Trainee: 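Please read through the structure below; I'll follow up with questions.
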Amino acid sequence: MSSMVLYSRQAKKMISVYKKKMLLKTKVKHQQYIMRTGNLSDAKIVSSYLLSDCPSQAFSALVYVSPSSTELFYWNSLIKHYVVVSKNIKKAISIFITMRKLGWLPDGYTYPYVLKASGELPCFFLGASVHGLLVVSGFEWNVFVCNAVVAMYGRCGSVDLARQMFDEMTGVGMLDVISWNSICVVYVHSGDFERALEMFGLMVRRGGLCLRPDVISLVNVLAACASLRNWRIGKEIHCCSIRRGLIEDVFVGNGLVDMYAKCGLMDKAEVIFDRMEVKDVVSWNAMVTGYSQIGQFDDALELLKRMRVEEIELNVVGWSAVIAGYAQRGMGCQALDIFREMMHSGAEPNVVTLVSVLSGCAVVAALRQGKETHCYSIKRILNVDEYDSGEYMMVVNGLIDMYAKCKDLDTAQRMFESIEWSSRSVVTWTVMIGGYAQHGDSNSALELFSDMMQNKKGVIPNSFTISCALVACARLGALRFGRQIHAYVLRNRYESAMLFVANCLIDMYVKSGDIDTARVVFDSMKERNIVSWTSVMTGYGMHGRGEEALQIFEGIRRTSYVIDGVTFLVVLYACSHSGMVDLGISYFNNMSKDFGVLPEVEHYACMVDLLGRAGRLSDAMKLVEDMPMDPTPIVWVALLGACRLHSNVDLGEYAAAKLSELDSENDGTYTLLSNIYASAGRWKDVARIRSLMKNIGIRKRPGCSWVQGKKGTAMFYVGDRSHPISNDIYNLLTDLIDKIKVLGYVPETSYALHDVDDEEKGDLLFEHSEKLALAYGLLTTAPGVPIRIIKNLRVCGDCHTAMTYISKIVPHEIILRDSSRFHHIKNGSCTCKGYW
DNA sequence: GTAGGGTTAG
């Protein structure tokens, strides 16, 4: 082994020495030639430079040779060298351009290489102009050139033009196996796998005996089957490869392993893999990837061990596959472990590895490791000149996403802004929009989305972008914006990703208070999944339409979807918010028996909420005591909320104490407790809590409401007088309060402290943000149109009562969303029927 | 001509 290595090293050295000598001789000859003839070069000189493997010298010599058909050979050799050997496409093209300038006309050998070069860049205009040159120069077409045109258009993304060329070839009967393979590749690369399969079928049927699929055909069609997860056709190809005697080919074997692995049939993949006599690193990696993608990491790691034993060096793809597998499953820590092991083994991470690691950091919000990866990326990738390259942008997109998911939105934004508009891809926009949408700054998300849409020659949103924008709308309850996006979706084609988009639309309509349109979207879906069903059910639950929610649940039971914990959470939530206590209890008691879903902490919290709302506080407490796991803060918060609702001081104090034991005291805890004391008239305790909060330095989150006006959204804080029509708002409010007092409204002063830091109570009640928002809505909304208000915290009880009275005397439905549900208030009654 | 990667929902 080592002697062979030594030998090949020596041989290489000798060859390079020989070439250097040749080059030296040629240079001397060249100088002598110039002295002797006064000319700068001739064909012999060019030929000598080419033989001594020095294309750049050959090129500069060739420029001085006058055109004649025999010397065209040298141009073609040069172009071929740069396209095929050194893959310096730009150089190849500059040679072609020089050649044209000097008056040479390309021939049947030049065209395929130049077309290939255009495709590799890819540059549509170059390719199309070469095609144009072919047409106008009266070149006699042959099958090689035609195939090259098909491939070029395919690589430049013009599937239609590629197909047009192919059809013309069909018309004159100029097709060989390579033509069929070329058109198949075009479809595979464009993602139209069905059509690739269709073309393969046509080839087999039409071609007869003289057009038999070769290794390349099989490899392509296997890739299509793998992408479509169509193992039935894959199996047929498997048989075909046996019949044709091509199963021994390592490429075909790899294709089969990959196809079975992608279809999740790892046992079949294993059989092929074990029978392959020649395996290369691709075969191993395909298996490792297969196991990683179905989450069988033990098997993947076992293979890695076997590779070590058999001394096969795992390359970067294998490592990346395992890292990506972990990252996609949200197992960021394991992904980082493998990354460390990889660095340890000495393998060099590449773009794919880095992107996978970044995604791992993103899912576990590991900012420190993310920053380390950023540093490493700068060393490895981000210092290249090709700022615009796709690979560069991929890493940058991964970084922006990582920073956004780690909640470092400032850094994410700075990176995003440092990228020129022309370099931002749709993914760049999407990660930034999504980053804002997920971390609360939904207004910025929508602004960014508008920026992107208004850039005329810019980027077209894909289904991911649309989904992110809809998430932002849902958070803001921005129904108008959401409707515009819905209209955009209907005008443009998003069919292939409609499931995801429609699910987001449902959620947007639900959270914006339009459950009926959400239902229309749901009913019109061609394809649904468990998320679609659960979203609609959540909608009915949030809007207090418990019976309809449970009808949806019964609908799910009739489908074959697996009912999971999230679905059950929604069922319990719906029962809780519609007062269906006994039904909720029975669902909860039977969920593990009938559906195999074990109740988790969240389910217990929901049950505490359900019992607590119904006033069954001792039952709620008993449930907490009997929990098989330790209660987490959400459980105690639910209990505390119930104590507030039913003014139970003792239990409330207990829950608050438990919360502070768990180190999770937040402003909500203190506010609730303070309100419990207030409703019991224990003002001293209220004052104690207030000063405690001041001492510890906890500030209350200000209550804040916003309302959808004609011109966008208006936002109000408690006692807010900053709005231009503030005077009108307060006047209207005073007037309304007076009117409803006549109807029997009595201010509930115990809520006065709910939202104010100020010790004064009483008058301040009517400065609550939701009341201000309502008054603004009344002033700016046409009669008959619902007024939509959103509050960040839970709605105050007095505001709720006041709004119910007000709804008797105004020609509007009031649709109010708070942190827990929707209230539809109309003609003096509310859908929450007291179960808020 | 084969293997790996970034953005979305309950």
Side-chain angles (χ1 to χ4, degrees), chain A residues 178 181-182 184-185 188-189 214-223 226 249-259 261-262 280-290 292-293 315-325 327-328 350-360 362 390-391 393-402 404-405 425-435 437-438 461-471 474 497 499-508 510-511 529-539 541 564-567 569-570 573:
Chain A
I178 299 176
N181 288 347
S182 304
C184 278
V185 170
V188 170
H189 282 317
D214 62 3
V215 169
I216 296 176
S217 328
L218 294 181
V219 164
N220 279 320
V221 79
L222 281 173
D249 185 280
V250 65
F251 275 66
V252 173
N254 290 345
L256 285 167
V257 169
D258 180 50
M259 183 273 296
K262 284 226 175 85
D280 61 8
V281 66
V282 174
S283 336
W284 288 90
N285 282 341
M287 291 294 289
V288 171
T289 308
S292 300
Q293 279 178 346
N315 73 3
V316 61
V317 175
W319 288 109
S320 307
V322 184
I323 294 173
Q328 282 164 1
N350 66 6
V351 173
V352 178
T353 331
L354 291 176
V355 166
S356 306
V357 172
L358 284 172
S359 126
E391 297 213 319
M393 278 314 294
M394 233 167 217
V395 174
V396 173
N397 291 343
L399 280 168
I400 295 176
D401 183 52
M402 182 275 294
K405 292 229 165 81
S425 75
V426 64
V427 179
T428 319
W429 285 97
T430 306
V431 290
M432 200 62 232
I433 293 170
Q438 280 162 347
N462 63 18
S463 59
F464 291 81
T465 327
I466 298 284
S467 304
C468 289
L470 286 171
V471 168
L499 176 62
F500 221 106
V501 172
N503 285 347
C504 292
L505 278 168
I506 292 176
D507 192 50
M508 182 277 292
V510 162
K511 302 251 170 77
N529 63 10
I530 187 73
V531 178
S532 331
W533 287 88
T534 315
S535 304
V536 169
M537 189 164 68
T538 309
D564 61 12
V566 180
T567 313
L569 207 53
V570 178
Y573 170 92

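Convention: sequence-line order gives letters A, B, ...; per-chain numbering from 1. Remember, it's a predicted structure, so these values are computed and weren't measured experimentally.
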Trainee: CG of N220(A) versus P of dT2(B): gap in Å, rounded?
Mentor: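 It works out to 7 Å between those atoms.
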
Trainee: Tell me which nucleotide among dT8(B), dT7(B), dG10(B) gets nearest to the side chain of V431(A).
Mentor: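 Selected nucleotide: dT7(B).
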
Trainee: To the nearest Å, how far apart are D401(A) CG and dT8(B) C1'?
Mentor: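 Result: 11 Å.
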
Trainee: Among the candidates dA9(B), dT2(B), dG10(B), find the nucleotide nearest to the side-chain atoms of N529(A).
Mentor: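 My answer, after comparing the listed nucleotides, is dA9(B).
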
Trainee: For D507(A) and dA9(B), give me the distance from atom CG to atom P, rounded to whole Å.
Mentor: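 These atoms are roughly 10 Å apart.
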
Trainee: Separation of K511(A) atom NZ from dA9(B) atom C1', in whole Å?
Mentor: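 K511(A) atom NZ is separated from dA9(B) atom C1' by 9 Å.
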
Trainee: Which one of L256(A), V219(A), I216(A), L222(A) satisfies the side chain to side chain contact (heavy atoms under 4.5 Å, CB included) criterion with F251(A)?
Mentor: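 For F251(A), the side chain to side chain contact (heavy atoms under 4.5 Å, CB included) test succeeds with only one of L256(A), V219(A), I216(A), L222(A), which is V219(A).
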
Trainee: Classify the nucleic acid contact of N181(A) as base, sugar-phosphate or nothing, counting any heavy atom under 4.0 Å across all strands shown.
Mentor: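 Result for N181(A) = nothing.
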
Trainee: What's the closest nucleotide to the side chain of N254(A) if the choices are dA9(B), dT2(B), dG1(B)?
Mentor: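 Closest of the options to the side chain of N254(A): dT2(B).
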
Trainee: Could you say whether the aromatic ring of W533(A) and the base of dG10(B) stack, counting only centre distances under 5.5 Å and plane angles under 30°?
Mentor: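 The base of dG10(B) is not stacked with W533(A) (the test needs centres under 5.5 Å and planes under 30°).
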
Trainee: When rounded to the nearest 0.5 angstrom, what distance separates OG in S532(A) from CZ in F500(A)?
Mentor: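 If we round to the nearest 0.5 Å, S532(A):OG and F500(A):CZ are 10.5 Å apart.
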
Trainee: Name the closest nucleotide to the N462(A) side chain, picking from dG10(B), dT2(B), dT7(B).
Mentor: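 Closest of the options to the side chain of N462(A): dT7(B).
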
Trainee: Contact between K511(A) and D507(A) at the side-chain level, heavy atoms closer than 4.5 Å - yes or no?
Mentor: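 Yes; the side chains approach each other to less than 4.5 Å.
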
Trainee: Is there a side-chain contact between Q293(A) and the phosphate of dA3(B), meaning an N or O under 4.0 Å from OP1 or OP2?
Mentor: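 For dA3(B), OP1/OP2 do not have a side-chain N/O of Q293(A) under 4.0 Å.
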
Trainee: Describe the nucleic acid contact of L222(A) in one word from base, sugar-phosphate, nothing, applying a heavy-atom distance below 4.0 Å.
Mentor: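 No contact at all - L222(A) keeps every heavy atom at 4.0 Å or more from the nucleic acid.
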
Trainee: Checking contacts here: which listed nucleotide (dG1(B), dG4(B), dT7(B)) is nearest the side-chain heavy atoms of F464(A)?
Mentor: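 The answer is dT7(B), which lies nearest to the side chain.
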
Trainee: Does dA9(B) have its OP1 or OP2 closer than 4.0 Å to a side-chain nitrogen or oxygen of Q438(A)?
Mentor: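 Indeed, a polar side-chain atom of Q438(A) lies that close.
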
Trainee: Return the nearest nucleotide to the side chain of T289(A); candidates are dG4(B), dG10(B), dG1(B).
Mentor: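 Closest nucleotide to the T289(A) side chain: dG4(B).
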
Trainee: Please tell me which of the listed nucleotides, dG4(B), dG10(B), dA3(B), lies nearest to the side chain of V282(A)?
Mentor: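 The closest nucleotide is dA3(B).
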
Trainee: List in chain and number order the residues that pass side chain to side chain contact (heavy atoms under 4.5 Å, CB included) with T289(A), two or more places apart in sequence or in another chain; answer none if no residue qualifies.
Mentor: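 Here the qualifying residues are Q293(A), A321(A).
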
Trainee: When the distance from CG of L470(A) to P of dT7(B) is rounded to whole Å, what number comes out?
Mentor: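 So the CG-P distance, L470(A) to dT7(B), works out to 19 Å.
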
Trainee: Counting the atoms with a prime plus P, OP1 and OP2 as sugar-phosphate, which does V471(A) contact under 4.0 Å by heavy atoms, base, sugar-phosphate, or nothing?
Mentor: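 The answer is sugar-phosphate, as V471(A) gets under 4.0 Å only of primed atoms, P, OP1 or OP2.
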
Trainee: Using a heavy-atom cut-off of under 4.0 Å over every strand shown, decide if V352(A) touches base, sugar-phosphate, or nothing.
Mentor: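 It contacts base atoms.
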
Trainee: Looking only at the side chain of C468(A) (C-beta and beyond, no hydrogens), which of the listed nucleotides dA9(B), dT8(B), dG4(B) gets closest?
Mentor: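 Closest of the options to the side chain of C468(A): dT8(B).
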
Trainee: If you count the non-hydrogen atoms of other residues, nucleotides and ligands that lie under 6.0 Å from CD1 in I178(A), is the total more than 12?
Mentor: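 For I178(A), atom CD1 is not crowded (no more than 12 foreign heavy atoms under 6.0 Å).
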
Trainee: Regarding dG10(B), can its base be found pairing with the side chain of T567(A) as donor and acceptor, where the two atoms are less than 3.5 Å apart?
Mentor: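 Looking at the base of dG10(B), it does pair with a donor or acceptor on the side chain of T567(A) (distance under 3.5 Å).
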
Trainee: Using a heavy-atom cut-off of under 4.0 Å over every strand shown, decide if V427(A) touches base, sugar-phosphate, or nothing.
Mentor: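 If one applies the 4.0 Å heavy-atom cut-off, V427(A) turns out to touch a base.
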
Trainee: Looking only at side-chain N and O atoms, does K262(A) come under 4.0 Å of OP1 or OP2 in dG4(B)?
Mentor: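 Yes.
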
Trainee: Under a 3.5 Å threshold, yes or no: a donor from one side chain and an acceptor from the other, between S320(A) and S356(A)?
Mentor: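 Per modelled atom types, S320(A) and S356(A) side chains form no pair under 3.5 Å.
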
Trainee: Side chain to side chain contact (heavy atoms under 4.5 Å, CB included) with V282(A): which residues, sequence neighbours excluded?
Mentor: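 Residues passing side chain to side chain contact (heavy atoms under 4.5 Å, CB included) with V282(A): N254(A), D280(A).
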
Trainee: Rounded to the nearest Å, what distance is computed from the CD1 atom of residue I216(A) to the P atom of nucleotide dT2(B)?
Mentor: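 It is 9 Å, rounded to the nearest whole Å.
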
Trainee: Ignoring hydrogens and geometry beyond distance, is the side chain of D564(A) in donor-acceptor contact with the base of dG10(B) at under 3.5 Å?
Mentor: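 For D564(A), whose side chain was compared with the base of dG10(B), there is a donor-acceptor pair (under 3.5 Å).
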
Trainee: Among dT8(B), dG10(B), dG4(B), which is the nearest nucleotide to the side chain of K405(A)?
Mentor: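 The answer is dT8(B).
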
Trainee: Nearest to the side chain of N350(A) - dG4(B), dG10(B), dG1(B)?
Mentor: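 Ranking dG4(B), dG10(B), dG1(B) by closest atom to the N350(A) side chain puts dG4(B) first.
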
Trainee: When the distance from CG of N503(A) to C1' of dT8(B) is rounded to whole Å, what number comes out?
Mentor: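 Nearest whole value for this atom pair: 10 Å.
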
Trainee: Take atom CG of D249(A) and atom P of dA3(B), then tell me their distance rounded to the nearest Å.
Mentor: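 So the CG-P distance, D249(A) to dA3(B), works out to 14 Å.
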
Trainee: So what does A324(A) touch, heavy atoms closer than 4.0 Å: a base, only the sugar-phosphate, or nothing?
Mentor: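 Contact class for A324(A): sugar-phosphate only.
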
Trainee: May I ask you to say what S535(A) touches in the nucleic acid, namely base, sugar-phosphate or nothing, with a heavy-atom cut-off under 4.0 Å?
Mentor: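 Counting heavy atoms under 4.0 Å across all strands, the contact made by S535(A) is with sugar-phosphate only.
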
Trainee: Hey, does S425(A) reach any base, or is it just sugar-phosphate, or nothing, if we go heavy atoms under 4.0 Å?
Mentor: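 Counting heavy atoms under 4.0 Å across all strands, the contact made by S425(A) includes a base.
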
